There are 2 protein chains.
Amino acid sequence: MTKKATPSPEAIKAWARLMRVSRQLMESAEDALKESSLPPLAWYDVLHELAEAGEGGLRPFQLIERTLFAQYNISRLLARLEADGLIEKLPVADDGRGQTIRISAKGREMRRQMWAVYGRSITELVDAKLSADELTMVSALLGRLRHPPVVDW
Amino acid sequence: MTKKATPSPEAIKAWARLMRVSRQLMESAEDALKESSLPPLAWYDVLHELAEAGEGGLRPFQLIERTLFAQYNISRLLARLEADGLIEKLPVADDGRGQTIRISAKGREMRRQMWAVYGRSITELVDAKLSADELTMVSALLGRLRHPPVVDW
DNA sequence: AGGCAATAGATGCAATTGCATCAAGCTTGA
DNA sequence: TCAAGCTTGATGCAATTGCATCTATTGCCT
């Protein structure tokens, strides 16, 4: 008798839900930003990390670790953010290859504006639908699906 | 005193987990397909719907409802699938605008091959990490996050 | 019938993504 | 010390996505 490698029905359903719900929610949030003429979510992710990093800033490769974006993606995203004056690129003293990315005042302001809209989306899409306990449960379960190299999120 | 519209910490965490985990899992699955020189997941989604629909096929707008892809996206995806001989486009008798999309034998075979890899990913990424009960719980909780116009999935 | 809004699908063009590769600067080991 | 290899970040080019718009029908209303 040969081994059946097909996933369980429960796994298939959970996978399908995960893919669909996440896409749907992400789109809703993106739409809300667009309606407010704000940049896409990816910008928020980066501005958020940079804001948390403070004055010391972050190196691009650190942003890659934190956001899970591809290297070329970050490279170009940073170029756009810089063109919009939301970040500054500074040379690094002890590594001639690298740069340090620091959020600018304008960048902080943009992050604030985006959060006003983004946060509202989260409230409506998530907070309004599940209780705190249920949300904690979701986080715990999803946390177990993370891939090995988990940092801390 | 003004109302603070910020979502709860639980909601923020659940949102973050959802976005990150779903992206990570999706990428893993895509990578597995690429390693096997198979087409991207989007192709699977469409082939899957068409296979379930059987000989009667589906209209493009029905695929849009089922897969949540944008209209122009489906339009072009179908063009690529047709170019690869995985589907057929047939005229519709009672609606001169429309077409019916039917999966071809080659399309069924491709779906089968993709499932061999995709299913394995789901097994490894999901089945191996959570019990059936936990998966059912995940599905139930995520289900509550779906947007109103839910069909049946 | 005749016009007018709505629906189904395609498409031109700009922006973004993905892939592969590159250049420049570090690091290490013989 | 210096060549080989690794890391950091950028970039040319092709494929895909997003947006806006277009064409062809169809359905509806008078």
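Lettering of chains follows the sequences in order, A, B, ..., and the numbering in each one begins at 1. Since the structure is predicted, the reported quantities are computational estimates derived from the model, not experimental observations.
- The CD-P distance, from B/E30 to D/dA15, rounds to 17 Å in whole Å.
- Taking a 4.0 Å limit (strictly below) on heavy-atom distances, residues 43-59 of chain B does not reach DNA chain D anywhere.
- If you measure from atom CG of B/L77 to atom P of D/dT16, you get 9 Å, rounded to the nearest angstrom.
- The 5' end of DNA chain C is approached more closely, in terms of each residue's nearest nucleotide, by A/A42 than by the other of A/A42 and A/A93.
- Residues meeting the side-chain contact (heavy atoms from CB on, under 4.5 Å) test with A/M26, sequence neighbours left out: A/E30, A/L41, B/M19.
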Which pairs would a plain distance check flag for residues 88-95 of chain A, meaning a side-chain donor or acceptor within less than 3.5 Å of a matching protein atom at least two apart in sequence or in another chain?
from: A/D95; atom 1: OD1; to: A/R97; atom 2: N; distance (Å): 3.0
from: A/D95; atom 1: OD1; to: A/R97; atom 2: NE; distance (Å): 3.0
from: A/D95; atom 1: OD2; to: A/R97; atom 2: NH2; distance (Å): 2.8

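- For residues 108-120 of chain B, every residue pair satisfying the salt bridge (charged side-chain N to carboxylate O under 4.0 Å, His left out) rule, not counting sequence neighbours, is listed here: B/E55-B/R108, B/E109-B/R112.
- Nearer to the 5' terminus of DNA chain C, by closest-nucleotide assignment, is the contact made by B/F61 (compared with the other of A/G96 and B/F61).
- Put simply, A/K34 has no side-chain N or O that comes within less than 4.0 Å of OP1 or OP2 on D/dG18.
- Of the inter-residue distances, the one linking B/I101 atom CD1 with B/L63 atom CG reads 7.0 Å to the nearest 0.5 angstrom.
- Judged as a ring pair (Phe, Tyr, Trp, His ring centres under 6.0 Å), the pairs with a partner in residues 45-80 of chain A (not counting sequence neighbours) are, in order, A/Y44-A/H48.
- Nucleotide D/dT16 holds its P atom 11 Å from the CG atom of B/L81, rounded to whole Å.
- Of all heavy-atom pairs spanning A/A32 and A/S121, the tightest one is CB-OG, 3.5 Å.
- On a pure distance criterion of 3.5 Å, a polar donor-acceptor pair joins the side chain of B/R97 and the base of C/dT7.
- In this structure, the CZ atom of A/R80 is 13 Å from the P atom of D/dT11, given to the nearest Å.
- Phosphate contact (OP1/OP2 of C/dG18, side-chain N/O of A/N73, threshold under 4.0 Å): present.
- Residues in residues 78-97 of chain A take part in no ring pair (Phe, Tyr, Trp, His ring centres under 6.0 Å) pair, two or more places apart or across chains.
- In this structure, B/D94 atom CG and C/dT7 atom C1' are separated by 14 Å, rounded to whole Å.
- In this entry the distance linking CZ of B/F69 with P of D/dT16 reads 13 Å, nearest Å.
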Under 3.5 Å, which donor-acceptor pairs link side chains of residues 134-143 of chain A to any protein atom two or more places apart or in another chain?
from: A/E134; atom 1: OE1; to: A/S131; atom 2: N; distance (Å): 2.8
from: A/E134; atom 1: OE1; to: A/S131; atom 2: OG; distance (Å): 3.3
from: A/E134; atom 1: OE1; to: B/R144; atom 2: NH2; distance (Å): 3.3
from: A/E134; atom 1: OE2; to: B/R144; atom 2: NH1; distance (Å): 3.0
from: A/T136; atom 1: OG1; to: A/A132; atom 2: O; distance (Å): 2.9
from: A/S139; atom 1: OG; to: A/L135; atom 2: O; distance (Å): 3.1
from: A/S139; atom 1: OG; to: B/A14; atom 2: N; distance (Å): 3.3

Under 3.5 Å, which N/O atoms of the protein pair with N/O atoms of nucleotides 10-14 of chain C?
from: C/dA10; atom 1: OP1; to: B/K89; atom 2: NZ; distance (Å): 3.4
from: C/dA10; atom 1: OP1; to: B/Q99; atom 2: NE2; distance (Å): 2.9
from: C/dA10; atom 1: OP2; to: B/S75; atom 2: OG; distance (Å): 2.8
from: C/dA10; atom 1: N7; to: B/Q71; atom 2: NE2; distance (Å): 2.9
from: C/dA10; atom 1: N6; to: B/Q71; atom 2: OE1; distance (Å): 2.8
from: C/dG12; atom 1: O6; to: B/R76; atom 2: NH2; distance (Å): 2.8
from: C/dC13; atom 1: N4; to: B/R76; atom 2: NH2; distance (Å): 3.3

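- Taking atom CD of residue B/E35 and atom P of nucleotide C/dG18, one finds them 16 Å apart after rounding to whole Å.
- Summarising the geometry, the separation between CD on B/Q62 and P on C/dG9 is reported as 9 Å, rounded to the nearest angstrom.
- Residue pairs meeting the ring pair (Phe, Tyr, Trp, His ring centres under 6.0 Å) criterion with at least one member in residues 11-34 of chain A, sequence neighbours excluded, are A/W15-B/Y118.
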